[in-house]
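Here's the structure, in structure tokens; my notes come after.
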Amino acid sequence: MPKLTIHHLEVRFQVDGDDGAVFTRLFNQHIQAWARLYEDARARAGHTDAERRFGDGEGRR
């Protein structure tokens, strides 16, 4: 999976109540969901690589 670097991020929103608390809650919710998807994709790629290597080297000495 390619590495992602965010150099500039601007977010604008208007909410009732404490803007900072709302942003923090929503950001944490979505970054955690993204992180789970990212880790799942990495795990699948690792399993795929392991399956491709299964049997490599058998019978060779």
Side-chain angles (χ1 to χ4, degrees):
M1 180 147 295
K3 184 176 179 179
L4 173 69
T5 303
I6 300 172
H7 294 283
H8 178 76
L9 174 65
E10 183 176 336
V11 178
R12 294 178 188 211
F13 58 93
Q14 185 174 356
V15 296
D16 293 331
D18 182 1
D19 291 353
V22 172
F23 174 80
T24 300
R25 180 178 54 80
L26 290 173
F27 180 82
N28 286 335
Q29 176 185 345
H30 291 284
I31 198 69
Q32 288 172 3
W34 174 85
R36 279 191 300 273
L37 292 171
Y38 178 76
E39 290 301 322
D40 289 347
R42 286 185 50 172
R44 281 192 307 275
H47 292 306
T48 300
D49 289 343
E51 288 177 358
R52 285 184 186 137
R53 287 191 305 269
F54 185 74
D56 284 356
E58 286 186 3
R60 297 182 198 166
R61 292 196 190 231

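What you see below is based on every heavy atom in this structure, not just the backbone, and it leaves out hydrogens, waters and symmetry mates.
- In terms of the salt bridge (charged side-chain N to carboxylate O under 4.0 Å, His left out) criterion, residue partners of D49 (sequence neighbours excluded) are, by chain and number, R52.
- Listed by chain and number, the residues in a side-chain contact (heavy atoms from CB on, under 4.5 Å) with L37 amount to none (sequence neighbours excluded).
- Sorted by first then second residue, the side-chain hydrogen bond (donor to acceptor under 3.5 Å, both in side chains) pairs that include residues 1-10, not counting sequence neighbours, are E10-R12.
- The distance from the CD atom of Q29 to the OG1 atom of T24 is 12.5 Å, given to the nearest 0.5 Å.
- Sorted by first and then second residue, the salt bridge (Lys or Arg N to Asp or Glu O under 4.0 Å) pairs with a member in residues 25-47 form an empty list; sequence neighbours excluded.
- Here F23 pairs with F13, F27 under the ring-ring contact (aromatic ring centres under 6.0 Å, His included) rule; sequence neighbours left out.
- Annotation: the span from L26 atom CG to I31 atom CD1 amounts to 12.5 Å, rounded to 0.5 Å.
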